[in-house]
Novice: 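Mind having a look at this structure? Questions to follow.
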Amino acid sequence: MAFSYRERKKRRQRIAFIILTVFLSLGLLGTSIGWFFDLPSSDQPSGAEPPSPEKIIAELESQARANPEDADVAARLARAYLDAGKMDQALKTYEKAVQLRPENSDFRIELALVQFLLGRYDEAVANLKEEIRRHPDNARAHYYYGQVLALGKGDYEGGIRELEKFIQLAGQGDDVAQARKMIEEWKAQLKK
């Protein structure tokens with residue numbers, strides 16, 4: 001099925017909006033100073049300006065050099081890169097976090113989402129399939145896998161199956177309502 005330029009542009013904008021919404025709702029783009037620096041909030045002087053993204057990244061890079069085997073530091077650095085729009089660095093750093101702690105569902109899903117944003121759909125599919133293999137009842141993995149299949153690969157039938165599995169596992173909530181809307185849109189795409 002071929003899309004016109006306008007449809008492709010609209011589709012990319014919708015994908016970016018969905019992913020941005022997902023990241024924001026999960027707090028992956030968090031800018032909390034205490035979260036990035038692992039400092040209690042009482043260490044920050046009241047009224048102090050928060051550090052710039054560059055300063056946050058520099059501090060986390062320093063921590064990563066001092067603790068190269070710390071997957072949590074790598075993941076925080078990847079999130080900081082992502083927050084600063086440094087997608088390639090975020091990708092490489094998430095890859096390291098997953099390599100250091102392959103059993104961590106959050107790291108693997110976050111890596112897959114960055115791969116998806118970069119248009120690396122096959123890699124995103126592979127990571128989400130691996131996550132589902134490791135944790136078949138991970139509702140989030142099914143939710144994102146469905147989106148990558150439908151929006152990235154054009155496999156609306158596969159996307160629908162994964163979102164239906166997500167709904168079955170999650171039961172209710174805002175994401176379930178959003179999944180139902182996506183299923184209806186994708187069913188309409190299949191009829192075209």
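Every heavy atom of this structure was used, including side-chain atoms; hydrogens, water molecules and symmetry mates were not.
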Novice: Given the rule in the side chain to side chain contact (heavy atoms under 4.5 Å, CB included) test, do D83 and I57 qualify, once you have shown the distances and angles that lead to the verdict?
Specialist: CA-CA 10 Å; D83 191 32; I57 288 171; over 6 Å; no
Novice: With respect to S105, which candidate in E110, E131, R140, R134 satisfies the side chain to side chain donor-acceptor pair (under 3.5 Å) definition?
Specialist: E131
Novice: Would you name the heavy atoms of I132 and A141 that are closest together and state the gap between them?
Specialist: CG1-CB, 3.7 Å
Novice: Working to the nearest 0.5 Å, report the span between CD1 of I167 and CE of M182.
Specialist: 8.5 Å
Novice: Among R79, R101, K96, which one satisfies salt bridge (Lys or Arg N to Asp or Glu O under 4.0 Å) with D72?
Specialist: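 That would be R101; it is the only one of R79, R101, K96 passing the salt bridge (Lys or Arg N to Asp or Glu O under 4.0 Å) with D72.
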Novice: How far apart are the C-alpha atoms of E184 and K181, what are their side-chain angles, what is the distance that settles it, and do they pass the salt bridge (charged side-chain N to carboxylate O under 4.0 Å, His left out) test?
Specialist: CA-CA 5 Å; E184 291 308 312; K181 287 179 187 175; over 6 Å; no
Novice: Measuring from atom CG of D88 to atom CG of L91, what distance do you get when rounded to the nearest 0.5 angstrom?
Specialist: 7.0 Å
Novice: Take L111 and F107 through the test side chain to side chain contact (heavy atoms under 4.5 Å, CB included) and record every step on the way to the result.
Specialist: CA-CA 6 Å; L111 170 60; F107 297 169; over 6 Å; no
Novice: Do side-chain atoms of T93 reach the backbone of Q89 as a donor and acceptor pair under 3.5 angstrom?
Specialist: yes
Novice: For residues L82 and A90, report the shortest heavy-atom separation together with the two atoms involved.
Specialist: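 So the minimum-distance heavy-atom pair works out to N-CB, 3.8 Å.
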Novice: Give me the one residue out of E164, R161, K165 that meets side-chain contact (heavy atoms from CB on, under 4.5 Å) with H142.
Specialist: K165
Novice: Could you go through Q99 and E95, starting from their C-alpha distance and side-chain angles, then the distance that decides it, and tell me whether this counts as side-chain hydrogen bond (donor to acceptor under 3.5 Å, both in side chains)?
Specialist: CA-CA 6 Å; Q99 179 184 16; E95 287 172 341; over 6 Å; no
Novice: Would you compute the distance between atom CZ of R108 and atom OH of Y94 and round it to the nearest 0.5 angstrom?
Specialist: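 One gets 14.0 Å once the value is rounded to the nearest 0.5 Å.
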Novice: Do you know which two heavy atoms are closest between D175 and Y143, and how far apart they sit?
Specialist: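 Heavy atoms of D175 and Y143 come nearest at O-CE1, 3.7 Å.
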Novice: Is Y121 linked to W186 within one hydrophobic cluster, defined over Ile, Leu, Val, Met, Phe, Trp and Tyr using a side-chain heavy-atom separation of less than 4.5 Å?
Specialist: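 Y121 and W186: one cluster.
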Novice: Atom CZ of F116 and atom CG of L149: how far apart are they, to the nearest 0.5 Å?
Specialist: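 One gets 10.0 Å once the value is rounded to the nearest 0.5 Å.
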Novice: Counting only heavy atoms not in Q172 (residues, nucleotides, ligands), do more than 12 fall under 6.0 Å from its CD?
Specialist: no
Novice: Hey, what do you get for OH (Y156) to CD (E185), rounding to the nearest 0.5 Å?
Specialist: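 Those atoms lie 9.5 Å apart.
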Novice: If I take atom CG from residue N127 and atom CD from residue Q115, how far apart are they, to the nearest 0.5 angstrom?
Specialist: 4.5 Å
Novice: Can you tell if the side chain of D122 reaches within under 4.5 Å of the side chain of K153, non-hydrogen atoms only?
Specialist: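 Yes - at least one pair of side-chain heavy atoms lies under 4.5 Å apart.
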Novice: Keeping N67 on the side-chain end and D70 on the backbone end, is there a donor-acceptor pair under 3.5 Å?
Specialist: no
Novice: How close do E103 and H135 get, counting heavy atoms only, and between which atoms?
Specialist: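 Distance-wise, the nearest heavy atoms are O-CE1, 3.5 Å.
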Novice: Less than 4.5 Å apart, any side-chain heavy atom of L128 and any of V148?
Specialist: yes
Novice: Provide the closest heavy-atom pair for L100 versus P68 in the form atom of the first, atom of the second, distance.
Specialist: CD1-O, 3.6 Å
Novice: Could you tell me which non-hydrogen atom of V176 sits nearest to which non-hydrogen atom of A170, and how far apart they are?
Specialist: CG2-CB, 3.7 Å
